[in-house]
Amino acid sequence: MARIRLDNISKTFGHHRALERIGIDVANGEFFVLLGPTGAGKTTTLRLIAGLEKPTEGQIYINETDVAEWGPAERDVALVLQQYSLYPRLTVRENLAFPLRSRIRNLSQADIEKRIDYASKTLRISHLLDRKTDRLSGGEMQRVSIGRAIVREPQVFLMDEPLSALDAKLRESLRSELKDLQIRLGATFIFVTHDQVEAMTMGDRIGILNHGRLVQVGTPQEVYSNPRDTFVASFVGSPAINLLPGAFSGGTAVVAPKVFELPVNGAAATAGEGTYTFGVRPEDVKVESGAPVEARIHDIENHGIEKILTLRAGDQLVRASVPARVDVAVEDTVRFGWNANKVIFFDRATGLNLAHKAA
Amino acid sequence: MAEIELRHIDKHFGAVHVIRDVNLTVKDREFVVFLGPSGCGKTTTLRAIAGLEEIDSGDILLDGKPIQNLHASDRDIAFVFQNYALYPHFTVYENLAFPLRAVGMRNEEVDKVVRSVGTSPGITHLLKNRPSSLSGGDMQRVAIGRALVRRPKALLLDEPIGSLDAKLRETMRVELKRLHLENGSTSIYVTHDQVEAMSLADRIVVMNDGVLQQVGTPTDVYLYPANLFVAQFIGSPVMNVTPTVVREVSGEAQISLDSETFDLPRELLGMLQSKGAASELSLGVRPEGVIVSHEDQPGYRPVEAHIIQPFGGFDIVDLKVGNKTLRARTTSGFVEKAGDRVWARIDPAQAHFFDSKSGASLGIRLGN
């Protein structure tokens, strides 16, 4: 049971400001994801919580107790890294048992067996228990290292890109298994990744970091449909959001240089006239006969369930997702519009979403 | 005109049989993708076509002429590696010029070709830079440009964008397709990423254990997978596959899924019979073929929602069916939370049946 709170945390390495006044409050039993590109400060944040680094400024609280003086062991957190060192001479079973043999834990052999059994079933490594870890594939090794965290039943799981080195299919199945595990354990997870799919599909909430700053914290749906700025907008979602430079005039978005004009409704339509970056997700771009704008098909990607079309209007490219049965060829002429209620207005200079500015 | 034909290709690495009797024709101007997990033989096959690996037996034909005994440099085939393989001490211009100077082309001619080739992958502004100052995407653009300067008959690409980040891969996919459209060279592209394969290919060649599993358009391999391997390798999230028993219940077909049953049209019974279907069957259905409703309707079964994975534009919802999980694709926020009771059915048009033992598809296609 653990709530983790970071209050105004900054971290400096030499002249490099790695983290700038980070405030995060992770609830007990929450699956919290730190998402961002390389160098954003995700791993540093995790290491501060684990007690492997000390903050330059600010406090870290576990269950509202300031843990500044606590070492890593006292914090009762389990850290799972992308590259985890297992004991190569030991079997998987011995590797899993190792953290449990500590005298402080005082676990019976039956308890240890039970925990190993549970962890190995969860991670589908039961058939590997008697194998030496130097005989495992990379994917199997990572599952064993996650298993080593599971058997400890810690207050908090800190995970630093644990799935990044695995192949796509295994990542996909481990995503839901980790989420399922977290629900069953009721444990607090703080999970670091640069992969927005992992963040969206696993996180109760996502904290998005860029250049050491926390840009936005929200549920997957919030960061997807109401991103704080163009960075979040384009980092989250695949295929990527369309960011179109243009001007707003008389209730109409004019995409520059006067390539096309489309109407805007809803809250965004109260924006003042001026230049903006318009954000619209590919699923909100509608390709249909009778739609207002003419375009050529620049590219077609068949994703099985749907096709991602890249439309070319003037020199502007616009991505649209359409059902797979839509039958088109490259360089065909089509017409498109957009869902006028789903257009996001970003300040052209700062990249900030106007809806956030107002709030 | 460049057609590549592989006839009965076999290859061993020691005791490991890495290519097993591979037969394939890649048509002129076609973009074919070899797709499979690591170790499936896709890269070895590609390298064999380029002349970078020898084969044990079989014929490799370029425009009908056997080339398997020709040296790599005499095959008129260009190769793009994942790690770019650019000369670090040369400028981009010199990297592009190198293959031309190597065949003794005059300076003015070299200049003309380098400048014209540079426009297509969008690298003209980089000509004076050295590779070390370039981003990963630009390095690969230069590598592709260099492959194209000699106007090869065929272009072979080995996971060329595998090391780039997700956003850049999306952009590069579109660029690669446009480039192929414009220069038209017959292309073979190797990847383990099914999204890349689906996005880029005219036809996908799915490989596993050195064997061609299926050759078809992206639509073919997605909608009509030839076997369980293809069915589960293509598509994300993965297709639901579960053992099933088909029964006749008051004239209708009923399929079991763990302790639950689902209704399917009665013509399934006759189809299974005429295919001489084995008793051990597997049902396959992609997440979008599991239809979820908030209400109890005819043909729907009550299920409990478990994990919900939001992707932004849609959700993937795990439904508990007995001890099994059936994964469904719904609109965003359709199921509110884990533990919610909803109703589900299987769309007959999206139901696949496989022989559990051989894994082969029974080729059954039901109407709606």
Side-chain angles (χ1 to χ4, degrees), chain A residues 37-38 137-138 167-173 175-180 182-183 194-203 219-221 223-225 227 234-241 281-284 298-308 310 312 317 319 321 323-325 327 330-331, chain B residues 37-38 165-171 173-178 180-181 192-202 204 217-223 225 232-239 286-289 306-316 318 325 327 329 331-333 338-339 350:
Chain A
T38 312
S137 71
D167 72 48
K169 293 287 152 193
L170 191 56
R171 273 207 311 275
E172 188 183 301
S173 66
R175 273 201 325 253
S176 47
E177 281 175 27
L178 275 177
K179 180 75 183 164
D180 181 52
Q182 185 264 342
I183 291 170
H194 67 276
D195 179 345
Q196 62 92 21
V197 172
E198 283 177 14
M200 289 288 288
T201 56
M202 295 168 83
T219 65
Q221 208 51 54
V223 298
Y224 186 81
S225 51
S234 55
F235 203 81
V236 169
S238 173
I241 193 170
R281 299 261 174 213
E283 64 267 28
D284 297 319
H298 186 73
D299 182 55
I300 304 165
E301 292 198 343
N302 187 338
H303 287 219
I305 182 169
E306 62 190 7
K307 284 178 180 149
I308 309 300
T310 303
R312 193 177 66 238
L317 298 180
R319 278 176 300 275
S321 51
R325 62 177 180 278
D327 192 15
V330 170
E331 293 303 326
Chain B
S38 39
D165 73 48
K167 293 288 153 200
L168 189 53
R169 281 206 304 273
E170 275 186 18
T171 317
R173 288 203 307 252
V174 175
E175 281 185 26
L176 278 167
K177 281 267 279 298
R178 291 298 300 188
H180 175 254
L181 196 75
H192 64 275
D193 179 344
Q194 60 94 20
V195 175
E196 253 172 53
M198 289 290 289
S199 304
L200 288 166
D202 293 325
I204 300 177
T217 64
T219 303
D220 282 342
V221 296
Y222 189 82
L223 292 181
Q232 297 194 279
F233 202 82
I234 302 266
S236 174
V238 70
M239 179 190 278
R286 296 200 185 279
E288 63 266 29
H306 187 41
I307 289 170
I308 301 166
Q309 297 186 55
F311 281 76
F314 61 93
D315 286 351
I316 296 293
D318 285 0
T325 297
R327 197 159 272 183
R329 176 170 163 140
T331 53
S332 253
Q350 299 187 64

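Lettering of chains follows the sequences in order, A, B, ..., and the numbering in each one begins at 1. None of these values were measured; they are calculated from a predicted model.
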**Study point:** Contact class of Leu181(B) relative to chain A, heavy atoms under 4.5 angstrom
**Key:** side chain

**Study point:** Separation of Ser238(A) OG from Glu170(B) CD (nearest 0.5 Å)
**Key:** 4.0 Å

Practice item. Could you tell me which portion of Ser332(B) (side chain, backbone, both or neither) has an atom closer than 4.5 angstrom to a non-hydrogen atom of chain A? Key: side chain

Revision key, fill the gap. d(Gln196(A) CD, Ser234(A) OG) to nearest 0.5 Å is 10.5 Å

Point to revise | From CD1 (Ile308(A)) to NE2 (His303(A)), nearest 0.5 Å | key: 5.0 Å

Practice item. Can you tell which part of Lys169(A) gets under 4.5 Å to a heavy atom of chain B, answering side chain, backbone, both or neither? Key: side chain

Point to revise | Portion of Val223(A) that has a non-hydrogen atom of chain B nearer than 4.5 angstrom | key: neither

Revision key, fill the gap. dist Thr219(B):OG1 -> Ile204(B):CD1 (nearest 0.5 Å) comes out at 9.0 Å

Exercise for review: Let me know if Pro220(A) has heavy atoms under 4.5 Å from chain B in its side chain, its backbone, both or neither.
Suggested key: side chain

Revision key, fill the gap. Across all chains, not counting sequence neighbours, the side chain to side chain donor-acceptor pair (under 3.5 Å) partners of Glu198(A) are Thr193(A)

Practice item. Examine whether an atom of Asp318(B) lies under 4.5 Å from a heavy atom of chain A, and if so say whether it belongs to the side chain, the backbone or both; otherwise answer neither. Key: side chain

**Study point:** Contact class of His298(A) relative to chain B, heavy atoms under 4.5 angstrom
**Key:** both

Study note, to complete from the structure: Whatever's closer than 4.5 Å to a heavy atom in chain B on Glu177(A) counts as neither

Exercise for review: Could you check which of Ser176(A), Gly237(A), Ser173(A), Pro282(A) has the highest count of heavy-atom pairs closer than 4.5 Å to chain B?
Suggested key: Ser176(A)

Exercise for review: Taking the six-membered ring of Tyr222(B) (Phe, Tyr or Trp), confirm whether the NZ or CZ of Arg286(B) is under 6.0 Å from its centre and within 45° of its axis.
Suggested key: yes

Practice item. Look at Pro218(B), Gly235(B), Pro237(B) and state which one has the largest set of heavy-atom pairs under 4.5 Å with chain A. Key: Pro237(B)

Review point. Is there a donor-acceptor pair closer than 3.5 Å between any side-chain N or O of Lys307(A) and the backbone N or O of Asn302(A)?
Key: no

Check your understanding: With a 4.5 Å limit on heavy-atom distance, are the side chains of Val330(A) and Arg178(B) in contact?
Key -> yes

Practice item. Could you tell me which portion of His306(B) (side chain, backbone, both or neither) has an atom closer than 4.5 angstrom to a non-hydrogen atom of chain A? Key: side chain

Check your understanding: By a 4.5 Å heavy-atom criterion (distance strictly below it), what part of Ser236(B) contacts chain A: side chain, backbone, both, or neither?
Key -> both

Practice item. Let me know if Ala168(A) has heavy atoms under 4.5 Å from chain B in its side chain, its backbone, both or neither. Key: neither

Check your understanding: Got a donor-acceptor contact below 3.5 angstrom from the Arg169(B) side chain to the Glu196(B) backbone?
Key -> no

**Study point:** For chain B, the option from Ile305(A), Asp195(A), Asp167(A), Thr310(A) that forms the most heavy-atom pairs under 4.5 Å
**Key:** Ile305(A)

Review point. Heavy-atom distance under 4.5 Å between the side chains of Met198(B) and Ile234(B), does that happen here?
Key: yes

Exercise for review: Considering only heavy atoms and a distance below 4.5 Å, find which of Arg175(A), Arg319(A), Met202(A) pairs most often with chain B.
Suggested key: Arg175(A)

